[in-house]
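Order of appearance sets the numbers: ligands from 1, and atoms from 1 within every ligand. FYI, side chains are in, hydrogens and waters are out, and symmetry mates aren't considered; it's all heavy atoms of this structure.
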Amino acid sequence: MQIQTAVIHALHDFEHRAVVPPVHLASTFALDPETEGGEYAYQRSSNPTRAQLETVLATLEGSAHAFAFASGMAATAAALSILREGEEILLPASVYGGTYRFVGRVLPARGVTGRYVDHLDELTDEDFTPATRAVFVETPANPTLRITDLRRVVELAHRHGARVIVDNTFMTPVLQKPLDLGADVVVQSATKYLAGHSDLLAGVVTTSDDELAEAYRLCQQAEGGVLAPQDSFRLIQSLKTLPLRLERQQANARAIVSHLREQEGIATVRFPGSHSAHEARLHASQASGPGAVLSFELAEGLDRVAFLRALRYPAFAVSLGGVESLICRPSTMTHEAMTPQARAAAGISDELLRLSVGIEDLEDLLGDLDQALAAARLR
Ligand SMILES: *Cc1c(COP(=O)(O)O)cnc(C)c1O
């Protein structure tokens with residue numbers, strides 16, 4: 001079964017020969033009085049609708065297990081729950097802002113240390129200590145879109161007895177499957193591409209490791225940050241168009257990158273693989289496409305505020321992956337928690353803008369960017 005077929009047909013055999021799965025809202029389920037057991041008991045532990053979503057997610061990922069959480073951060077927190085007192089995790093300096101906050105403000109109280117590495121692709125044996133139990137990877141990095149060699153990080157980490165956790169939000173399993181490359185755990189903010197319509201918050205953890213799966217099941221049951229049945233159902237429905245949406249978003253993004261590169265008003269354009277021929281080859285060896293997020297800087301003398309004001313379609317907003325294009329300024333919006341030095345080291349300038357490309361008609365997006373560039377020049 002190919003991916004577009006899988007997201008539509010991963011579930012089957014519904015009552016009444018319905019072609020869409022039912023939504024089970026029950027918080028509790030009647031048990032057999034004699035055995036006091038049943039397939040489901042209480043919604044937090046498990047419920048049929050969330051279980052169906054988790055089946056689709058595991059099918060998509062090709063994983064043995066999938067767990068749906070109430071947000072991407074709840075999923076990341078669950079993924080990192082495997083770290084114990086005295087242990088350490090390595091992360092890229094440009095890691096997602098919410099993860100940066102969690103690692104800096106929640107993990108220390110548990111005695112867990114987060115250590116930042118400027119670029120994970122330069123990771124060496126010397127970066128590991130006996131306390132290093134995990135490496136957290138985002139490739140492409142946000143918003144620099146630099147690429148990390150997943151196979152290499154897995155090889156290094158496993159040699160030192162550390163797990164590899166990949167935040168695959170920017171790629172989704174449609175474009176990149178870290179578990180197939182040896183990673184132990186994948187986390188995703190389903191709020192972005194998986195849900196795809198900027199209308200729900202959700203997160204996913206996938207793994208094929210049974211021991212880790214037990215820890216993640218415990219997070220659902222003991223901490224309770226699970227995805228509700230209605231949102232689980234809506235995510236099942238959204239996933240049916242994920243490959244289709246991504247194909248269109250990616251085609252739009254590719255065309256916008258080519259177009260922006262030809263404009264005098266644009267100083268730099270970054271896209272997965274744009275940093276070097278090496279990174280382009282690397283990305284092509286581990287992912288089947290560049291995705292649909294790009295970043296760029298306006299040339300000197302252009303008025304950024306005038307440019308953003310003049311844009312008609314992309315809203316000036318955080319988040320990404322929706323059918324509508326969005327644009328943001330990472331230095332003040334998504335990566336504001338980093339120190340200016342850390343941002344500089346990660347290559348996040350104050351002028352950098354990140355564009356998440358939607359499924360609008362390409363001509364409209366190109367025309368909009370052109371007229372906004374013209375408006376930015378007038379100032
Ligand atoms: C948005 C995002 C998250 C957090 O997800 P929420 O659903 O907002 O909690 C984590 N990682 C990345 C890369 C993201 O873009």
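Among all non-hydrogen protein atoms, the one lying nearest atom 6 (P) of ligand 1 is G72 N, 3.3 Å. Scanning the protein for heavy atoms near atom 1 (C) of ligand 1, the closest one is K192 NZ, 1.4 Å. Nearest protein heavy-atom neighbour of atom 5 (O) of ligand 1: S189 OG, 2.9 Å. Of the protein's non-hydrogen atoms, Y96 CD2, 3.4 Å is the one closest to atom 10 (C) of ligand 1.
For E138, no nitrogen or oxygen atom sits less than 3.5 Å from a nitrogen or oxygen atom of ligand 1, counting backbone and side chain alike. In terms of polar-atom proximity, defined here as any N/O pair under 3.5 Å, F170 makes no such contact with ligand 1. Considering backbone and side-chain N/O atoms, T76 never comes within less than 3.5 Å of an N/O atom of ligand 1. The N/O atoms of T99, backbone and side chain alike, include none that comes under 3.5 Å of an N/O atom in ligand 1. By the 3.5 Å distance cut-off applied to N or O atoms, L201 is not counted among the residues near ligand 1.
Checked against L194 for a side-chain contact (heavy atoms from CB on, under 4.5 Å), the options V56, V174, L53, L57 give a single hit: L57.
By the 4.0 Å N-to-carboxylate-O rule, R151 lies too far from E155 to be salt-bridged with it. At a threshold of 4.0 Å, the pair R217-E214 counts as salt-bridged, since one of the basic side-chain nitrogens sits closer than that to a carboxylate oxygen. Contact check on E279 versus R146 returns a salt bridge, with a Lys/Arg side-chain nitrogen under 4.0 Å from an Asp/Glu carboxylate oxygen.
The aromatic ring centroids of Y193 and F170 lie 6.0 Å or more from each other.
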Before you tell me yes or no, could you show the steps for E297 and T268 under side chain to side chain donor-acceptor pair (under 3.5 Å), namely the whole-Å CA-CA distance, both residues' side-chain angles and the distance that decides it to 0.1 Å?
CA-CA 5 Å; E297 288 167 312; T268 52; 2.7 Å; yes
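Taking the six-membered ring where the residue is Trp, F67 and F69 present tilted rings, their angle falling between 30° and 60°.
Listed by number with element, the atoms of ligand 1 under 4.0 angstrom from any heavy atom of D167 are 10 (C), 11 (N), 12 (C), 13 (C). Each of the following atoms of ligand 1 lies closer than 4.0 Å to a heavy atom of T191: 6 (P), 7 (O). The contact set between ligand 1 and S71, taken as ligand atoms under 4.0 Å from a residue heavy atom, comprises 7 (O), 9 (O). Set against the non-hydrogen atoms of M73, the atoms of ligand 1 under 4.0 Å away are 4 (C), 5 (O), 6 (P), 9 (O).
Between S45 and Q221, the side chains place a donor N or O and an acceptor N or O closer than 3.5 Å (distance only, hydrogens not considered).
For CD of E351, the number of neighbouring non-hydrogen atoms (other residues, nucleotides, ligands) closer than 6.0 Å is greater than 12.
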